[in-house]
Amino acid sequence: MTTHTTRMLIIGSGPAGLSAAIYGARAGLSPIVVQGLQPGGQLTITTDVENYPGFRDVIQGPWLMQEMQAQAEHVGTRMLWDTITSVDLSGPPFRAIGDSGDVYEGETLVIATGAQAKWLDVPGEQELGGKGVSACATCDGFFYRGKKVVVIGGGNTAVEEALYLTNHSPDVTLIHRRDSLRSEKILQDRLFANPKITVVWNKKVDHFVGNPLAGGLTEVALTDTVTGESSEIATDGAFVAIGHAPATELFAGKLAMDDSGYLMIEPGTPKTAIPGVFACGDVSDHIYRQAVTAAGTGCMAALDAERFLAEREFAAAKEKVAG
């Protein structure tokens, strides 16, 4: 067992965690990033990225994360491959225990564990991921300009995705397994008033049909939840919109969360209720969920961590002089 100590401990290695690492390293905090189960975060399973600033051409998600990691390491970040299994937030220092048995201690803690899209777990979903099947209309809707798309779900996420997609597609179909939506009434009113959107009720997706190697998704196979009748909808793109699950299990009972499990922060900041502990990226953001917003809040977390440490040192020096 090894104990690793740092002025800034970062859990998670997506855009939020790595941006925090870059800013923390440049501030001389010698950050440690514990990469977790999915090093690089959700972008490592995203193919084409067209909306990250600074690149005129489409780039690949895994490449972008490799570059971010290389930049973080170049300025002085230590990247460690481990999965945190428990945390002690009674510090500082704040302690995290890895699956390896190693202990990580940080004078500040940046939580950037992210969130995962919920999937249907039906045949074809994984094989056609990025080839017609997506979980983010804001990320991928642009690729379906003028094409037919479907959205699967019935809550706020699904309705918002369907409405957003009308900016690109003239033919959006919302598929819901029940006969009424769970979304807010104002969103439903906007949905039903939009002539580009058709709602298909009482249908669940059985499987996605298409060829991952040639052409991608071609149709969605459905089953009627009332009659059991089978049907298909031809489509160029399918957006699974049944919500996201933030990776916050480690912090249950230790940090405040909202009803969906997202970490609660002081509005406009990455500050949690515990001084010195910061949350950034999708683990605390259920609204925007973009790489660029995650990177921005990672920067904010590092800057606030630096200020927290400076204030502590100033207070300690002042007390020493007074003593």
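Separating the CG atom in Leu18 from the CE atom in Met65 is a distance of 4.5 Å, to the nearest 0.5 Å. Going from atom CD of Glu219 over to atom OG of Ser231 covers 10.0 Å, rounded to the nearest 0.5 Å. Rounding to the nearest 0.5 Å places CD of Gln69 at 10.5 Å from CD1 of Ile22. Between the OG1 atom of Thr225 and the NZ atom of Lys203 there is a distance of 7.5 Å, given to the nearest 0.5 Å. Thr235 contributes atom OG1, which lies 8.0 Å from atom CG of Asp171 (distance to the nearest 0.5 angstrom). For the atom pair CD1 (Ile11) and CG (Leu250), the distance works out to 6.5 Å, reported to the nearest 0.5 Å.
The shortest heavy-atom contact between Ser183 and Val159 is OG-CG2, 3.4 Å. Contact detail for Val151 and Ala241: the closest heavy-atom pair is CG1-CB, 3.9 Å. Across every non-hydrogen atom of Ala25 and Thr77, the tightest pair is CB-OG1, 3.7 Å. Closest approach of Ala301 and Phe278 over heavy atoms only: CB-CB, 4.0 Å. Pro246 approaches Val283 most closely through the heavy-atom pair CB-O, 4.2 Å. For the residue pair Ala96 and Leu9, the shortest heavy atom distance occurs at CB-CD2, 4.1 Å.
Proximity of a side-chain donor or acceptor of Glu67 to a complementary backbone N or O of Leu64 within less than 3.5 Å is not detected. Between the Thr2 side chain and the Asp102 main chain, no donor and acceptor come within less than 3.5 Å of each other. Side-chain atoms of Glu50 do not come within 3.5 Å of backbone N or O of Ile59 as any donor-acceptor pair. Distance alone, capped at 3.5 Å, places no donor-acceptor pair between the Thr166 side chain and the Lys196 backbone. The backbone N or O of Lys204 lies less than 3.5 Å from no partner atom in the side chain of Thr223, so there is not a single donor-acceptor pair. With hydrogens and angles disregarded, a donor-acceptor distance shorter than 3.5 Å links the side chain of Thr293 to the backbone of Gln290. At least one donor-acceptor pair under 3.5 Å links the side chain of Ser19 to the backbone N or O of Pro15.
Here the side chains of Thr5 and Pro93 are not in contact, with every heavy-atom distance at 4.5 Å or above. Between Thr198 and Leu174, every side-chain heavy-atom pair lies at or beyond the 4.5 Å cut-off. Looking at heavy atoms from C-beta onward, Arg177 lies out of side-chain contact with Asn202 at the 4.5 angstrom threshold.
A ring-ring contact (aromatic ring centres under 6.0 Å, His included) check over residues 183-210, counting only residues at least two apart or in different chains, returns nothing. Among pairs with a residue in residues 229-275, those fulfilling ring-ring contact (aromatic ring centres under 6.0 Å, His included) read Tyr144-Phe239, Tyr262-His286, at least two apart in sequence or across chains. Annotation: side-chain hydrogen bond (donor to acceptor under 3.5 Å, both in side chains) contacts involving residues 80-91, sequence neighbours excluded, comprise Asp82-Ser100, Asp82-Tyr104, Asp88-Ser90.
Atom CD of Gln126 sits in a sparse spot, with 12 or fewer heavy atoms from other residues, nucleotides or ligands closer than 6.0 Å. Counting heavy atoms of neighbouring residues, nucleotides and ligands inside a 6.0 Å radius, atom CD of Glu229 does not exceed 12 of them. Counting heavy atoms of neighbouring residues, nucleotides and ligands inside a 6.0 Å radius, atom CG of Asp121 does not exceed 12 of them.
Listed by chain and residue number, Cys280, Met300 satisfy the side chain to side chain contact (heavy atoms under 4.5 Å, CB included) test with Thr297 (two or more places apart in sequence, or in another chain). Applying the salt bridge (Lys or Arg N to Asp or Glu O under 4.0 Å) rule to Arg178 yields no partners; only residues at least two apart in sequence or on another chain are considered. Every ring-ring contact (aromatic ring centres under 6.0 Å, His included) that Tyr164 has, sequence neighbours left out, goes to His168. Annotation: salt bridge (Lys or Arg N to Asp or Glu O under 4.0 Å) contacts of Arg307 (sequence neighbours excluded): Asp304. For Arg78, the side chain to side chain donor-acceptor pair (under 3.5 Å) partners two or more places apart in sequence, or in a different chain, are His4. Shown here are the side chain to side chain donor-acceptor pair (under 3.5 Å) partners of Glu160, two or more places apart in sequence or in another chain: there are none. The salt bridge (Lys or Arg N to Asp or Glu O under 4.0 Å) check on Glu107 picks up Arg7, Arg312, with sequence neighbours excluded.
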Worksheet item: So Asp206 and Val122, side chain to side chain contact (heavy atoms under 4.5 Å, CB included) or not? Walk me through it.
Response: CA-CA 6 Å; Asp206 265 348; Val122 298; over 6 Å; no
Worksheet item: Where do Glu105 and Thr3 land on the side chain to side chain contact (heavy atoms under 4.5 Å, CB included) test, with the steps shown first?
Response: CA-CA 7 Å; Glu105 292 186 346; Thr3 298; 4.2 Å; yes
Discussion item. Side chain to side chain contact (heavy atoms under 4.5 Å, CB included) for Leu255 and Val277? Distances and angles first, verdict last.
Written reply: CA-CA 10 Å; Leu255 286 172; Val277 177; 4.3 Å; yes
Discussion item. Between Asn51 and Val49, does the side chain to side chain contact (heavy atoms under 4.5 Å, CB included) criterion hold? Intermediate values first, please.
Written reply: CA-CA 6 Å; Asn51 57 5; Val49 176; 3.9 Å; yes
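Remark: Arg145 qualifies as a cation-pi partner of Phe142 under the 6.0 Å distance and 45° angle criteria applied to the six-membered ring.
A salt bridge is absent between Lys148 and Asp236: the closest approach of a Lys/Arg side-chain nitrogen to an acidic carboxylate oxygen does not fall below 4.0 angstrom. No salt bridge links Asp285 with Arg289; every basic N to acidic carboxylate O contact stays at or beyond 4.0 Å.
Cluster partners of Met1 are Ile97, Val103, counting Ile, Leu, Val, Met, Phe, Trp and Tyr whose side-chain heavy atoms approach within less than 4.5 Å, directly or via other members.
Note: the hydrophobic cluster containing Leu163 does not contain Ile152 (ILVMFWY, side chain heavy atoms under 4.5 Å, direct or indirect links). Note: the hydrophobic cluster containing Ile233 does not contain Val149 (ILVMFWY, side chain heavy atoms under 4.5 Å, direct or indirect links). No path of Ile, Leu, Val, Met, Phe, Trp and Tyr side chains, each step under 4.5 Å between heavy atoms, connects Leu191 with Val240, placing them in separate hydrophobic clusters. Under a hydrophobic-cluster definition in which Ile, Leu, Val, Met, Phe, Trp and Tyr are linked whenever side-chain heavy atoms come within less than 4.5 Å, directly or via other members, Ile111 and Leu309 are assigned to different clusters. Put simply, Leu120 and Val200 are part of the same group of oily side chains (I, L, V, M, F, W, Y) that touch within less than 4.5 Å, one to the next.
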Contacts table for residues 26-36: side-chain donor-acceptor under 3.5 angstrom, sequence neighbours left out:
none

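Checking Arg182, Glu184, Glu161, Gln188 one by one against Asn156, the side chain to side chain donor-acceptor pair (under 3.5 Å) holds for a single residue, Glu184.
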